[in-house]
Amino acid sequence: MTVDKYAVLVIDDEEPIRRLLQKELANPLRTIATAATAAEAMALTRTKRFDVVILDLWLPDVTNLDLLIRLRESIPHIEVVMITGHGDIDMAVEAMKLGACDFIRKPFNLDRLDLVVEKAHQRARLSRENAVLRHSADQKQNKSHFIGNSQDIREIRFLIEKVAPAKIPVLITGESGTGKDVVARMVHHLSPLAANQMIVKNCATLQNELARGELFGHVKGAFTGADESREGLLSFAHDSSLFFDEIGELPLEIQAALLRALETGCYRRVGEKEERRVNIRFLFATNRVLREEVEKGRFNEAFFHRINAFTIKIPPLRQRKEDLPLLVDYFLTSLSADGAKFRITDRAMERILGYDWPGNIRELRNVLERAIILAENATITETCLPVNMADAANHGANGDNLTLEGIERRHILKLLRFHDGNRQKTAESLGISRKTLYRKLVQYELDKS
Ligand SMILES: Nc1ncnc2c1ncn2[C@@H]1O[C@H](COP(=O)(O)OP(=O)(O)OP(=O)(O)O)[C@@H](O)[C@H]1O
Ligand SMILES: [Mg+2]
């Protein structure tokens with residue numbers, strides 16, 4: 001097991017105190033840095049992440065508690081322990097009100113000092129973990145199985161293994177349900193950053209006005225509503241991977257800033273002049289054709305070229321049907337609740353092979369999940385499969401004799417059924433906005449069903 005060290009910053013203008021604390025606090029679980037002035041401390045916090053600060057109440061280049069306020073505002077998950085002397089009680093109380101978590105008196109009781117620092121670290125860790133958890137990938141999915149033995153899948157596996165150790169950004173493309181998430185997780189897990197949580201952001205959930213703050217963080221008062229300073233996703237993803245799903249939805253206005261972060265590792269919080277530096281592996285996924293988005297002026301061209309440098313393209317399931325038997329086998333085992341072994345009849349398998357799978361592997365998974373429930377004697381027969389699969393197989397599944405609009409209508413209908421009529425999910429699968437979907441539903445008279 002690897003234990004993460006945490007970082008302590010001692011800020012005191014007296015050299016002997018800095019030296020004493022550096023020596024006494026040293027232990028294998030912490031790193032200790034020191035600063036003599038507020039300016040030095042602020043500079044340090046911009047390049048390195050600290051968990052706990054030990055701060056002298058009196059410093060030459062700031063008045064009283066200004067530095068405490070600044071630290072708390074610019075590093076949200078930090079805990080500050082104050083060093084106080086005789087007769088500083090009022091000030092110590094004031095400091096606690098301003099967010100200091102504890103204080104220690106000079107001369108130091110070294111045992112208590114150690115305890116206080118450890119407690120402060122626990123608090124910092126908890127608040128940070130809570131914040132990271134809100135953004136990070138679903139733990140359960142961390143162990144990814146990437147099933148398939150088609151030429152395409154073997155090539156993808158090869159590419160993943162090659163690119164994972166490198167630091168370059170990876171763009172993963174493919175229709176909805178083809179396994180873009182699975183591939184992103186594999187890249188992360190085979191990378192040197194695997195010990196840390198991958199952070200995931202679906203760009204479709206970014207609201208235009210708030211997007212910049214959410215990605216880069218902001219300082220208090222940077223804009224209306226910014227009551228508190230906040231760390232951005234880039235900061236949470238430090239020393240890990242940051243996976244932007246549906247990158248085609250990233251607001252155009254922030255693409256340039258993100259491009260800069262990709263190229264230099266530097267970014268700025270909203271409302272802050274100084275740059276911050278991070279070490280991040282960037283991963284992107286989309287089911288859109290970004291090149292077309294660029295041509296339409298909806299996607300930044302330079303950003304596109306940068307993220308398109310290494311692309312993993314996952315073909316739709318209908319183009320690699322030879323993977324179906326393996327996938328079916330895998331899902332029948334992994335989805336069965338009590339590990340029971342399910343059998344599938346030849347006719348049911350034929351139907352699976354004859355179907356187009358517009359929802360790709362996700363659809364296959366859902367169909368089999370349902371089939372397992374319907375199965376008798378642990379045997380999947382045709383009757384356990386949805387009827388619309390037969391429709392599609394019998395009536396020109398490829399839509400050969402349909403107009404483009406006819407195909408679109410059929411595809412929308414399929415996905416709607418697949419998502420049990422959930423329009424948000426259907427729109428997401430189609431890579432269009434809900435508004436566009438509503439328009440199409442009305443156009444094709446699907447809005448009433
Ligand atoms: N090769 C594979 N082997 C096993 N399971 C897979 C494979 N590819 C995808 N899956 C499973 O299929 C489902 C859909 O995959 P995933 O979420 O990665 O698709 P996606 O391309 O990200 O879709 P979307 O565009 O809708 O986000 C998941 O349950 C995933 O575990
Ligand atoms: Mg996905």
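Order of appearance sets the numbers: ligands from 1, and atoms from 1 within every ligand. Keep in mind that what you see is a predicted model, and the values were worked out from it rather than measured.
Note: F304 and F299 have perpendicular aromatic rings, judged against thresholds of 30 and 60 degrees for the angle between ring planes. Ring-plane geometry between F282 and F284 is classed as parallel, the angle between the planes falling under 30 degrees on a 0 to 90 degree scale with a further cut at 60.
Heavy-atom proximity to atom 25 (O) of ligand 1, evaluated over R157, K425, K180, is greatest for K180. Taking each of V183, L317, L364, I361 in turn, the one with a heavy atom nearest to atom 12 (O) of ligand 1 proves to be I361. Of all the listed residues (G148, S150, G179, G174), G179 holds the heavy atom that lies closest to atom 19 (O) of ligand 1.
The Mg ion (ligand 2) has an N, O or S atom of D181 under 2.8 Å away, backbone or side chain.
Using a 4.0 Å heavy-atom cutoff, S429 is absent from the residues neighbouring ligand 1. Ligand 1 lies within reach of L327, whose nearest heavy atom is under 4.0 Å from it.
At a 3.5 angstrom cut-off on N or O pairs, Y330 does not count as close to ligand 1. Where the criterion is an N or O separation shorter than 3.5 Å, residue side chain and backbone included, V182 meets it with respect to ligand 1. Residue contacts with ligand 1: F331 is placed with no nitrogen or oxygen under 3.5 Å of a nitrogen or oxygen of the ligand (distance criterion only).
Under a 4.0 Å N-O distance rule, the pair K119/E79 does not qualify as a salt bridge.
Although no hydrogens or angles enter the test, the distance criterion places a donor-acceptor pair under 3.5 Å between the side chain of N27 and the main chain of L29.
In summary, the atoms of ligand 1 found under 4.0 Å from a heavy atom of F146, numbered by their order in the structure, are 1 (N), 2 (C), 3 (N). If you number the atoms of ligand 1 from 1 as listed, the ones under 4.0 Å from a heavy atom of H145 come out as 2 (C), 3 (N), 4 (C), 5 (N).
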Determine whether R212 and E253 satisfy the following criterion, salt bridge (Lys or Arg N to Asp or Glu O under 4.0 Å), listing intermediate values before the conclusion. CA-CA 9 Å; R212 196 177 286 269; E253 310 85 73; over 6 Å; no
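Only the side chain of R365 comes within contact range of ligand 1, with a heavy atom under 4.0 Å; no backbone atom does.
With E274 as the fixed residue, the salt bridge (charged side-chain N to carboxylate O under 4.0 Å, His left out) test singles out one of R70, R46, R269, R268: R46.
Under a cut-off of 6.0 angstrom, the local environment of NZ in K296 is crowded, with over 12 non-hydrogen atoms contributed by other residues, nucleotides or ligands.
For H188 and F243, the ring centers are positioned 6.0 Å apart or more.
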